[in-house]
Amino acid sequence: ISVYQLIMLVAGLVGVYVKLNIDMSKLSLRLDIHERQTVVLQNSIDKLIKDVQEIKILLARNRIDD
């Protein structure tokens, strides 16, 4: 292996390493954002379920009163 080929090989390996680190950082950030959105969505769904249960109770009371 010549010196030129060795330098090119090392440069390629460094480039691949840097690109993989950047891609992993992006994926990690996207995962964090996704997890936060999932928590917000779950909280909204829980509130919606509670509200629907309250509506069911009010409708049942209304039916009993009639």
Side-chain angles (χ1 to χ4, degrees):
I1 294 181
S2 70
V3 174
Y4 174 75
Q5 289 173 334
L6 186 60
I7 291 172
M8 294 307 290
L9 179 63
V10 170
L13 290 174
V14 169
V16 168
Y17 177 77
V18 169
K19 180 165 178 10
L20 286 176
N21 275 339
I22 291 171
D23 289 345
M24 288 301 293
S25 296
K26 287 179 183 177
L27 287 175
S28 178
L29 180 63
R30 287 180 185 173
L31 179 63
D32 291 341
I33 292 170
H34 177 69
E35 287 175 348
R36 277 188 255 130
Q37 288 175 346
T38 302
V39 168
V40 169
L41 183 61
Q42 185 62 45
N43 290 339
S44 297
I45 290 172
D46 290 342
K47 185 178 182 318
L48 181 64
I49 289 172
K50 286 179 185 177
D51 291 344
V52 168
Q53 292 297 331
E54 186 177 337
I55 290 170
K56 285 181 180 180
I57 290 170
L58 290 173
L59 287 173
R61 273 192 205 148
N62 190 17
R63 189 171 285 177
I64 290 173
D65 290 343
D66 288 342

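All residue numbers refer to positions in the sequence shown, counting from 1. These numbers were taken from a predicted model, which means no experiment stands behind them.
- To the nearest 0.5 angstrom, N21 atom CG is 8.5 Å from M24 atom CE.
- With T38 contributing its side chain and H34 its backbone, the two residues share a donor-acceptor pair below 3.5 Å.
- Through direct or relayed side-chain contacts under 4.5 Å between Ile, Leu, Val, Met, Phe, Trp and Tyr, L59 connects to I55.
- Residues that satisfy the salt bridge (charged side-chain N to carboxylate O under 4.0 Å, His left out) test with D51, not counting sequence neighbours, are K47.
- Looking only at side-chain heavy atoms (C-beta outward), V39 and N43 come within less than 4.5 Å of each other.
- In the displayed structure, E54 atom CD is contacted under 6.0 Å by at most 12 heavy atoms of other residues, nucleotides or ligands.
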Trace of the side chain to side chain contact (heavy atoms under 4.5 Å, CB included) decision for I33 with L29: CA-CA 6 Å; I33 292 170; L29 180 63; 4.1 Å; yes
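- A chain of hydrophobic side-chain contacts below 4.5 Å, direct or via other Ile, Leu, Val, Met, Phe, Trp or Tyr residues, connects L41 to I49.
- Tracing side-chain contacts under 4.5 Å through hydrophobic residues (I, L, V, M, F, W, Y), one reaches V10 starting from V18; they form part of the same cluster.
- In terms of the salt bridge (charged side-chain N to carboxylate O under 4.0 Å, His left out) criterion, residue partners of D23 (sequence neighbours excluded) are, by chain and number, K19.
- V14 and I22 end up in the same hydrophobic cluster when Ile, Leu, Val, Met, Phe, Trp and Tyr side chains are linked at under 4.5 Å.
- Side-chain atoms of L9 and Q5, non-hydrogen and from C-beta on, never get closer than 4.5 Å to each other.
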